[in-house]
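Notes follow once the structure below has been shown.
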Number of protein chains: 2
Amino acid sequence: MAADSYSISDLAREFEVTTRTLRFYEEKGLLAPVRSGNSRVYSSTDRVRLKLILRGKRLGFSLDESRDIITMYEPTTGNLRQLESLLAKIQEKRTVLEQRRKEIDSMLKDLRQTESMCLEALPKRSRKVAGRAGS
Amino acid sequence: MAADSYSISDLAREFEVTTRTLRFYEEKGLLAPVRSGNSRVYSSTDRVRLKLILRGKRLGFSLDESRDIITMYEPTTGNLRQLESLLAKIQEKRTVLEQRRKEIDSMLKDLRQTESMCLEALPKRSRKVAGRAGS
DNA sequence: GTTTACGTTTACGTTAACGTAAACTATACT
DNA sequence: AGTATAGTTTACGTTAACGTAAACGTAAAC
């Protein structure tokens, strides 16, 4: 097992957020670090949760949505009805994510199109300078 | 050519936003409908722009970012230096988008994993009810 | 001719997601 | 002892992206 214990500024540094942000996430019920005296002590589980929160943010999910998604990943002690409801939620999120993936793809397509228009407009001589960095 | 002309409430209805939103986007320089007397008249170009704005939103881009992206798509009258700067911006956005696509994929992977854990936990009898809607 | 539907501007209100500052505590060097 | 470093709580401030309400114009419908 790894170090498994981080201070608030450890995580803040690593993920480039402020300590205020971490306390805010806790306030919102997204993180729940243990206390050592007065200070917060984050476990590696907390670290993972933070990672998921930030990933969610980048993908345009609200903190509330991220919390929902994260609780999906957690050990479900639930009964059958809860399991089925969880499965339904998963399907729902999956649909959303797959839709967004498509939108990203068409956005990329648009960008590539504009890009090639640009390249056509460029005098041949300049191409090796300005041209494709892609793959 | 299509109808090519929409009222503010036409677009509001079609895209399920309020008229306030459309006026707000205009205020922010994202849309620029023509006026007929006092009223706004949106062209099909405006409609496309709106579509792009909303897509950007779903993908977690701010309105400012969306405006930047949209102007990338537009006919570049620019000179060589402008073209090269545009190409650079495109590359940048492409990188971001490709990164997000990866993140979506790993999110989907996580969801699938949780899903199969759920399915394992379900008594066999229930599976045909709760099971896969996928594909 | 007035009600209904649709449009306008102006302006203050609201929510999410933090930023920022003040005032305080607890170790940890020097 | 003094001061730097890292932590805490409390609370008001800020920005983006609209919501909401007031007060008004205009044109068709009854």
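Here is how names work: the chains are called A, B, and so on, in the same order as the sequence lines, proteins then strands, and each is numbered from 1. In what follows, every heavy atom counts, from backbone to side chain, and hydrogens, waters and symmetry copies are set aside.
- Atoms OH (A:Tyr42) and C1' (D:dT8) sit 11 Å apart, rounded to a whole Å.
- Dashed line: the shortest gap from a side-chain N or O of A:Ser39 to OP1 or OP2 of D:dT8 is not under 4.0 Å.
- An OP1 or OP2 oxygen of C:dG7 is reached within less than 4.0 angstrom by no side-chain nitrogen or oxygen of B:Arg40.
- In terms of the side chain to side chain donor-acceptor pair (under 3.5 Å) criterion, A:Thr71 has no residue partners (sequence neighbours excluded).
- For A:Ser9 and D:dG7, the shortest distance from a side-chain N or O to OP1 or OP2 is below 4.0 Å.
- Checking side-chain atoms of A:Ser7 against main-chain N and O of A:Asp10 turns up a donor-acceptor pair under 3.5 Å.
- Side-chain atoms of B:Asp4 and B:Ser44, non-hydrogen and from C-beta on, do get closer than 4.5 Å to each other.
- The pair B:Asp105-A:Arg101 meets the salt-bridge criterion, with a side-chain N (NZ, NE, NH1 or NH2) lying under 4.0 Å from an Asp/Glu carboxylate O.
- The interatomic distance linking A:Asp10 (CG) with D:dA6 (P) rounds to 11 Å, in whole Å.
- No side-chain heavy atom of A:Met107 sits under 4.5 Å from any side-chain heavy atom of B:Leu52.
- Within the structure, the salt bridge (Lys or Arg N to Asp or Glu O under 4.0 Å) test picks out the following pairs touching residues 34-44 of chain A (sequence neighbours left out): A:Glu26-A:Arg35, A:Glu26-A:Arg40.
- Rounded to an integer number of Å, the gap from CG of B:Asn38 to P of C:dT10 is 11 Å.
- Non-hydrogen atoms lying under 4.0 Å from DNA chain C are contributed by B:Arg20, B:Arg23, all within residues 13-28 of chain B.
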Please tabulate the protein-to-nucleotide N/O contacts below 3.5 Å involving nucleotides 23-28 of chain D, giving atom names and distances.
none

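- At a non-hydrogen distance threshold of 4.0 Å, A:Lys57, A:Ser62, A:Leu63 from residues 51-72 of chain A come into contact with DNA chain C.
- In this structure, A:Ser66 and A:Gly56 approach most closely via the heavy-atom pair OG-CA, 3.7 Å.
- Geometrically, B:Arg100 engages B:Phe61 in a cation-pi contact defined by less than 6.0 Å to the ring centre and at most 45° from the axis.
- Taking 4.0 Å as the cut-off between side-chain N and carboxylate O, A:Asp64 and A:Arg67 count as a salt-bridged pair.
- With values rounded to the nearest 0.5 angstrom, A:Met117 atom CE is found 14.0 Å from B:Met72 atom CE.
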Practice task
Kindly express the pairing pattern of DNA chain D in dot-bracket notation, using | wherever a base pairs with another strand and counting only Watson-Crick or G-U pairs under 3.5 Å.
Solution key: ||||||||||||||||||||||||||||||

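- Side-chain atoms of A:Thr21 do not come within 3.5 Å of backbone N or O of A:Val17 as any donor-acceptor pair.
- Remark: B:Leu50 CG to B:Thr45 OG1 distance equals 12.5 Å, nearest 0.5 Å.
- The hydrophobic cluster containing B:Val34 does not contain B:Leu11, counting ILVMFWY residues as joined when their side-chain heavy atoms lie under 4.5 angstrom apart, directly or transitively.
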